[in-house]
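Please read the structure below before turning to the comments.
What you are looking at is a predicted structure, and each value in this text was computed from that prediction instead of being measured.
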Amino acid sequence: VRVYVARWHFFAGGWNLADIAIVSMDILVVVGELIMGRHQLSMLGALRSVRLIRALRAMAHFRELQMMMHGFGGAMLTIFWAVILIVLILLFWSILAVEILNDLVQEIADEGGFGSC
């Protein structure tokens with residue numbers, strides 16, 4: 001209906017082109033599943049989640065939603081760097097533990113302390 005009303009101006013909007021791409025991909029996935037079977041196109045089914053991008057259009061209309069998403073993005077960035085820091089700390093202590101405990105483990109293994117492990 002929007003294409004009929006807006007004519008060629010419909011294709012000038014970025015969101016409209018994104019809508020066309022998302023709906024086209026979804027139609028291709030559904031047709032492919034009907035033809036080839038569901039189990040063969042399981043990866044293409046993940047493309048259906050792209051439809052969630054359409055929900056981003058609502059952010060343009062609600063300032064509170066924009067603020068919430070900006071805060072969420074900042075929190076995710078902080079969580080990302082915290083995970084990187086934790087991984088580096090675990091890596092450091094793991095290397096240190098291997099260097100310190102290696103001789104002790106070798107002695108226990110030589111004495112048969114691990115049995116049939």
Side-chain angles (χ1 to χ4, degrees):
V1 174
R2 287 189 295 170
V3 176
Y4 179 74
V5 172
R7 308 275 184 203
W8 289 106
H9 297 290
F10 175 82
F11 298 102
W15 285 112
N16 294 334
L17 294 176
D19 285 344
I20 290 172
I22 291 168
V23 170
S24 300
M25 281 191 303
D26 197 31
I27 290 172
L28 288 175
V29 169
V30 169
V31 169
E33 285 177 353
L34 290 174
I35 294 171
M36 299 172 67
R38 182 151 181 90
H39 65 281
Q40 294 177 350
L41 292 176
S42 60
M43 286 301 286
L44 290 178
L47 290 176
R48 288 183 171 183
S49 63
V50 175
R51 290 184 293 180
L52 294 174
I53 293 174
R54 296 177 73 181
L56 294 176
R57 294 175 70 174
M59 285 183 51
H61 301 292
F62 301 106
R63 179 165 163 69
E64 293 83 6
L65 184 57
Q66 286 178 342
M67 291 172 44
M68 281 178 41
M69 293 307 293
H70 182 72
F72 180 72
M76 292 305 292
L77 184 63
T78 304
I79 290 171
F80 169 77
W81 286 113
V83 167
I84 296 295
L85 182 63
I86 289 170
V87 166
L88 289 175
I89 290 171
L90 285 173
L91 180 67
F92 170 77
W93 286 107
S94 300
I95 292 171
L96 188 65
V98 167
E99 290 296 323
I100 292 173
L101 298 177
N102 188 34
D103 295 331
L104 178 64
V105 170
Q106 288 298 326
E107 288 178 21
I108 294 172
D110 292 341
E111 294 173 2
F114 295 124
S116 63
C117 286

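When the options I89, L88, L90 are evaluated for a side-chain contact (heavy atoms from CB on, under 4.5 Å) with I86, the one that passes is L90. For the pairing with F80, the side-chain contact (heavy atoms from CB on, under 4.5 Å) check across I84, T78, V83 returns one residue only, I84.
Rounding to the nearest 0.5 Å gives a distance of 11.5 Å between CD of E107 and CG of L101. Taking CG from L96 and CG from L91, the interatomic distance works out to 11.0 Å, rounded to the nearest 0.5 Å. In this structure, L77 CG and F72 CZ are separated by 12.0 Å, a value rounded to the nearest 0.5 Å. Once rounded to the nearest 0.5 Å, the distance linking CD of Q66 with NE2 of H61 reads 10.0 Å. Distance check, rounded to the nearest 0.5 Å: CD of E64 to CE of M69 gives 14.5 Å.
Tracing side-chain contacts under 4.5 Å through hydrophobic residues (I, L, V, M, F, W, Y), one never reaches M76 starting from M67; they form parts of separate clusters. Hydrophobic cluster membership differs between V98 and L104, with clusters built from Ile, Leu, Val, Met, Phe, Trp and Tyr side chains linked at under 4.5 angstrom. A continuous path of ILVMFWY side-chain contacts below 4.5 Å connects F92 to I100, so both sit in one hydrophobic cluster.
Scanning both residues, I108 and F114, for their nearest heavy atoms gives CG2-CZ, 3.8 Å.
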